[in-house]
Amino acid sequence: MKHWITTTDHKRIGLLYFWTAFCFFLIGGLEALLIRLQLAQPNGHLVSAETYNQLFTMHGTTMVFLALMPLSASFFNYIVPLQIGARDVAFPRLNAFSYWVFLLGGLLLNASWLVGPLFQAPHLNVAPDGGWFGYANLTERQFSPGPNIDFWLLGLQILGISSLAAGFNFIVTILNMRAPGMKMLRVPAFSWMTLVTQFLVITAFPVITVGLVFLMFDRFFGTHFYVTAAGATPLLWQHLFWLFGHPEVYILILPAMGIVSEVLPTFARKPLFGYTVVVFSGVLIGFMGWGVWSHHMFSVGLGPIADSVFAGTTMLIAVPTGVKIFNWIATLWGGDIRGTTALHFAVGFIAMFIIGGLSGVTHASPPADLQQTDTYYVVAHIHYVLFGGTVLGLFAGIYYWWPKMTGRLLSEPLGKWHFWLTFLGMNLAFFPMHLIGLLGMPRRIYTYSPDLGVSALNLVSTLGAFLIAVAILVFLVNVLRTRTHGRPAPNDPWGGATLEWSIPSPPPVYNFSVIPTVANRLPRWKTEHHEPMRDPPAVPPAPIHVPDGSWWPLVAALGLPVLALAPLTHTLWLAFLGAAILLVGIYRWAFEPFDV
Amino acid sequence: MPRYRLCLLTVALAVSGCGGPFPQSTLEPRSDFGWAIDHLFTDIFWWAAGVFLVVETLLVVTLIRFRHREGRPAPRPTHGHTVMEIAWTLAPAVILVFVAVPTVRTIFATAGEAPADALKVDVIGHQWWWEFQYPELGLVTANELHLPLGRPVQLSITSADVIHSFWAPTLGGKRDAIPGRVNRIAFRADSVGDYSGQCAEFCGASHANMRLRVVVDSDSGFGRWATVQLAGPAAPAPGTLAERGKAVFARSACLGCHTIQGVSPGIIGPNLTHVGGRTTIASGLFPNDSAHLASWIADAPSLKPGSLMTRMQPPLTDADIAALVAYLASLR
């Protein structure tokens with residue numbers, strides 16, 4: 001137990017990220033099921049309007065910040081150092097700090113479901129209820145007097161610290177910790193996409209942090225950043241939020257694109273087609289992602305010129321995205337495709353992401369978007385991108401790297417069940433939403449009239465959501481079964497080209513007995529130009545020093561939720577206590593003696 | 001009716017087992033604004049459908065043709081192909097030009113400019129109802145927007161509290177109602193009808209209950225409606241229940257929030273001068289009949305969560321409520 005709490009090993013932190021994020025994924029999924037139950041029929045009254053608004057707010061917030069981002073982070077942690085031939089990340093204790101801050105931020109956000117009585121609320125649940133996008137001025141104290149929005153803005157501030165710390169850590173890791181000979185254009189595609197993602201994180205999160213600080217000052221100290229009556233405009237929030245929010249979409253999708261770019265070549269037994277193009281289109285998407293934010297605001301009335309410009313930039317970003325898809329198909333073309341579960345999910349990603357991308361083009365056009373925005377059509381779009389894209393991509397990664405991370409292979413037959421149920425379920429759940437939206441149902445409504453004519457479509461969508469839930473249960477059965485009955489994994493169960501497959505599964509604490517020297521981009525494969533590299537010896541030829549764990553990242557992290565409790569409960573001394581814990585943690589961490 | 005819409009609706013019908021009607025469908029436009037968007041969407045839809053078919057077919061064919069077979073020789077380790085990369089960069093770029101050009105044209109055509117003779121209406125979003133002011137006619141109403149068929153219309157949309165979004169899908173796209181700003185949409189309805197819509201921007205507890213109706217009438221029908229609206233409220237006949245209701249209205253909290261011309265000046269809630277003539281109450285939630293009116297007056301928040309119209313303290317007696325209902329129903 002102590003070894004897990006004080007760990008600074010990137011592999012253990014990766015597993016902590018995985019299980020924590022997966023629990024939050026299940027919570028976000030339960031919220032989705034309640035939403036779908038409420039909407040299964042018109043005039044539904046399973047939950048109240050207030051609770052429903054909390055459910056969709058927390059579903060979005062949880063899935064984005066507590067499930068998908070940290071699930072990607074679990075692969076950054078576990079896999080990136082192995083792919084680049086490193087013994088750990090650049091700052092192992094900062095890595096532990098990122099994890100603990102993420103966990104505590106997630107717990108603080110979700111505590112809002114249970115602490116109503118502490119805030120004199122008539123209900124148990126005082127969860128955030130302003131939407132994951134938290135539009136001002138609805139989030140001002142005047143319109144949202146309870147603690148709900150406070151939980152949201154403080155939780156997000158804390159989670160932002162976790163993401164930023166991890167972002168810097170992985171940028172330094174990938175730039176500085178590569179094995180000898182691993183030039184930037186020999187870095188595996190997944191690690192490349194991780195690098196691009198982390199640059200987006202460290203540039204996008206400060207923007208939402210500024211927006212949240214303004215909101216915090218408005219709510220706690222009576223400033224007027226978003227108060228119309230004082231001459232401000234609530235549109236300031238929308239610009240700040242989407243200036244963060246659109247890069248955030250790429251923060252969510254680029255890691256999955258990286259995973260797919262690893263899985264396809266391995267199972268087609270062919271190098272990634274157009275590696276350089278795939279990498280640079282990822283970089284280009286990262287840059288262009290900064291120039292499209294106002295396409296979330298076409299109904300705001302920014303004027304025809306601004307609308308035209310943002311329509312143009314938004315359509316342009318479809319080009320590098322399309323290029324990636326063609327390169328993936330070309331990777332498969334001429335291959336010897338083995339239909340493993342990981343490949344199923346990777347191909348599912350491509351097939352579903354195409355749909356999400358194309359519906360995206362239909363609302364890149366501002367006039368068309370005036371009918372589509374804020375309707376279920378957009379709900380369909382984001383779920384084809386974030387479920388059909390990110391979630392299927394992450395599951396491809398889970399089946400692909402599970403043997404490396406746990407030493408056992410997940411069951412393939414159960415995996416296929418998992419895939420097909422997910423595939424069927426997601427299309428039943430999300431495809432009808434296109435029609436529901438075009439037929440005029442807005443999103444974020446807790447009830448709808450039977451007169452709209454969309455009742456049956458909504459019922460189908462709800463059935464699809466439950467099919468997804470069954471698929472997740474199959475996955476959990478697979479995981480439990482694999483713990484006891486799973487086939488032990490050799491170093492390289494799939495015939496992979498990258499360095500993580502050259503070492504035991506799971507890897508020893510030092511990863512590589514000898515740091516490999518990399519001479520090309522596919523070190524473990526034989527190509528027309530080179531022979532496969534020799535795997536590192538099973539026993540280290542010389543002793544390897546591995547640092548001890550540390551308590552101080554956890555202590556420093558504990559200071560943050562205490563700091564957040566101060567404004568939540570309007571208690572000044574908590575602010576001093578939280579700051580003291582944080583400072584002591586950082587101080588002791590900085591001067592922690594290590595035997596070298 | 002373009003063919004894609006038939007396809008879409010057929011799918012919808014097959015799934016839903018019923019044929020509509022779909023009163024908020026974006027696919028059945030009833031104004032020039034609606035049609036402009038519809039034509040653009042149809043164009044883009046077909047491009048997207050074409051790309052979908054080509055790429056998904058390519059993917060499936062690749063998977064079948066190159067699936068693993070015993071004895072298949074090891075694949076050639078191809079690394080890329082410059083000409084192909086250029087080709088599949090240019091192809092989507094060219095398609096997007098065909099999407100972008102009509103898009104920009106439609107953006108400028110639907111920017112909310114209206115001819116000089118347009119009927120101007122100010123739309124004000126409130127939590128959770130709609131106020132409609134006709135400055136040139138000098139009249140104010142709520143939740144049911146009446147428009148003449150023969151004239152172009154320009155709506156100037158804003159909000160009194162948080163951000164809402166005015167959306168009547170058959171008549172065109174939505175525009176946000178933002179406090180401190182005015183957004184404009186302009187259109188000309190092409191047929192008489194009773195069109196439904198609702199708030200499209202999440203605006204708090206009862207966002208789902210912020211509905212609206214747009215009644216497009218012939219010019220003479222609209223003229224008659226406007227004349228009635230401009231007249232003062234009907235005075236209840238002496239000795240009737242309605243007259244007692246007027247007295248109840250005048251001595252309870254109602255008058256603090258609602259305007260009835262010549263009776264009360266409140267501006268927080270909807271103007272009730274001609275509430276009896278509306279077809280719905282509570283922002284399009286319920287039919288305007290005595291039973292719904294009575295339960296609305298007794299306890300609005302239970303019918304519309306968060307409603308600013310709180311339960312009356314002390315509560316009104318059933319007799320008072322019956323009288324109020326009679327009075328409000330008489331305000332035609």
Side-chain angles (χ1 to χ4, degrees), chain A residues 48-50 131 135 137-138 143 228 233-234 269-271 273-274 277 299-301 304 307-308 311-312 315 318-319 322-323 326 329 332-338 347 350-351 354 358 361-362 365-368 370-371 374 435 438-440 442 444-447 451-453 456-457 460 527-528, chain B residues 12 15-17 20-27 37 40-41 44 48 51-52 55-56 58-59 62-63 66-68 72 75 77 79-80 85 88-89 92-93 96 99-100 103-104 106-108 110-111 162-163 165 169 173-176 179-180 183 198 200-208 305:
Chain A
S48 67
E50 289 85 356
Y135 269 13
N137 53 346
L138 181 61
F143 300 106
T228 319
T233 170
R269 307 199 141 284
K270 261 183 77 211
F273 194 91
V277 179
S299 66
V300 155
D307 284 354
S308 301
M315 288 176 189
V319 174
V323 164
F326 286 120
I329 296 177
L332 293 170
W333 184 270
D336 177 21
I337 303 169
R338 286 171 299 157
V347 169
I350 302 176
I354 290 169
L358 288 171
V361 172
T362 68
S365 176
L370 292 184
Q371 288 287 29
D374 285 319
L435 288 164
L438 290 174
L439 293 176
R444 301 165 188 138
I445 55 175
Y446 76 95
T447 186
D451 299 340
L452 290 188
L457 288 166
V460 170
T527 71
E528 67 269 49
Chain B
V15 173
S16 64
F22 305 110
Q24 277 180 207
S25 171
T26 62
L27 305 174
I37 293 177
L40 181 64
F41 178 61
I44 302 173
V51 172
F52 172 81
V55 183
E56 299 277 5
L58 194 61
L59 178 64
T62 309
L63 287 172
F66 297 102
R67 68 186 185 278
H68 174 68
R72 190 193 276 281
H79 292 274
E85 298 288 355
W88 61 47
T89 306
L96 286 169
V99 174
T103 287
V104 173
T106 313
I107 289 175
F108 281 88
T110 58
V162 302
I163 300 176
S165 192
K174 61 184 75 68
R175 276 289 180 200
D176 292 356
N183 275 323
Q198 65 188 102
E201 185 63 81
F202 179 64
C203 55
S206 262
H207 167 53

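Naming: A, B, ... by sequence-line order, numbering from 1 per chain.
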Original post:
Looking at side-chain heavy atoms only, is the closest gap between A/Leu438 and B/Ser25 below 4.5 Å?
Top reply: no
**OP:** Carefully, step by step, assess B/Phe202 and A/Leu138 under the rule side-chain contact (heavy atoms from CB on, under 4.5 Å).
**Re:** CA-CA 9 Å; B/Phe202 179 64; A/Leu138 181 61; 3.7 Å; yes
Original post:
Quick check: does any side chain N or O of A/Gln371 sit under 3.5 Å from a backbone N or O of B/Pro169, one acting as donor and the other as acceptor?
Top reply: yes
**OP:** Search all heavy atoms of A/Ile329 against all heavy atoms of B/Thr62 and return the closest pair with its distance.
**Re:** CG2-OG1, 3.7 Å
Subject >> Side chain, backbone, both or neither of A/Thr228 within contact of chain B (heavy atoms, under 4.5 Å) >> reply: side chain
**OP:** Select, from B/Ser165, B/Pro92, B/Ala200, B/Ala100, the one with the greatest count of heavy-atom pairs under 4.5 Å involving chain A.
**Re:** B/Ala200
Subject >> Partner chain A: residue of B/Arg67, B/Gln198, B/Arg175, B/His207 with the largest heavy-atom pair count (under 4.5 Å) >> reply: B/Arg175
Original post:
Got a second to check how far B/Lys174's NZ is from A/Asp374's CG, nearest 0.5 Å?
Top reply: 6.0 Å
Original post:
With a 4.5 angstrom heavy-atom cut-off, which part of A/Phe273 approaches chain B: side chain, backbone, both or neither?
Top reply: both
Original post:
Do B/Leu59 and A/Leu332 pass the side-chain contact (heavy atoms from CB on, under 4.5 Å) test, and can you show the C-alpha distance, the side-chain angles, and the key distance before you say yes or no?
Top reply: CA-CA 9 Å; B/Leu59 178 64; A/Leu332 293 170; 4.0 Å; yes
Original post:
Counting heavy-atom pairs under 4.5 Å to chain A, which of B/Ala111, B/Pro179, B/Ala48 comes out on top?
Top reply: B/Pro179
**OP:** Could you tell me which portion of A/Val277 (side chain, backbone, both or neither) has an atom closer than 4.5 angstrom to a non-hydrogen atom of chain B?
**Re:** side chain
**OP:** Taking all non-hydrogen atoms of both residues into account, name the closest pair between B/Leu96 and A/Met315 and its distance.
**Re:** CD1-O, 2.9 Å
Subject >> Under 3.5 Å donor-acceptor, A/Lys270 side chain and B/Pro77 backbone >> reply: no
Subject >> Region of A/Tyr135 that comes under 4.5 Å of a non-hydrogen atom in chain B >> reply: side chain
**OP:** For residues B/Phe108 and A/Ser308, report the shortest heavy-atom separation together with the two atoms involved.
**Re:** CE1-OG, 3.5 Å
**OP:** Please confirm whether the backbone N or O of A/Gly301 pairs with a side-chain atom of B/Asp176, one donor and one acceptor, at under 3.5 Å?
**Re:** no
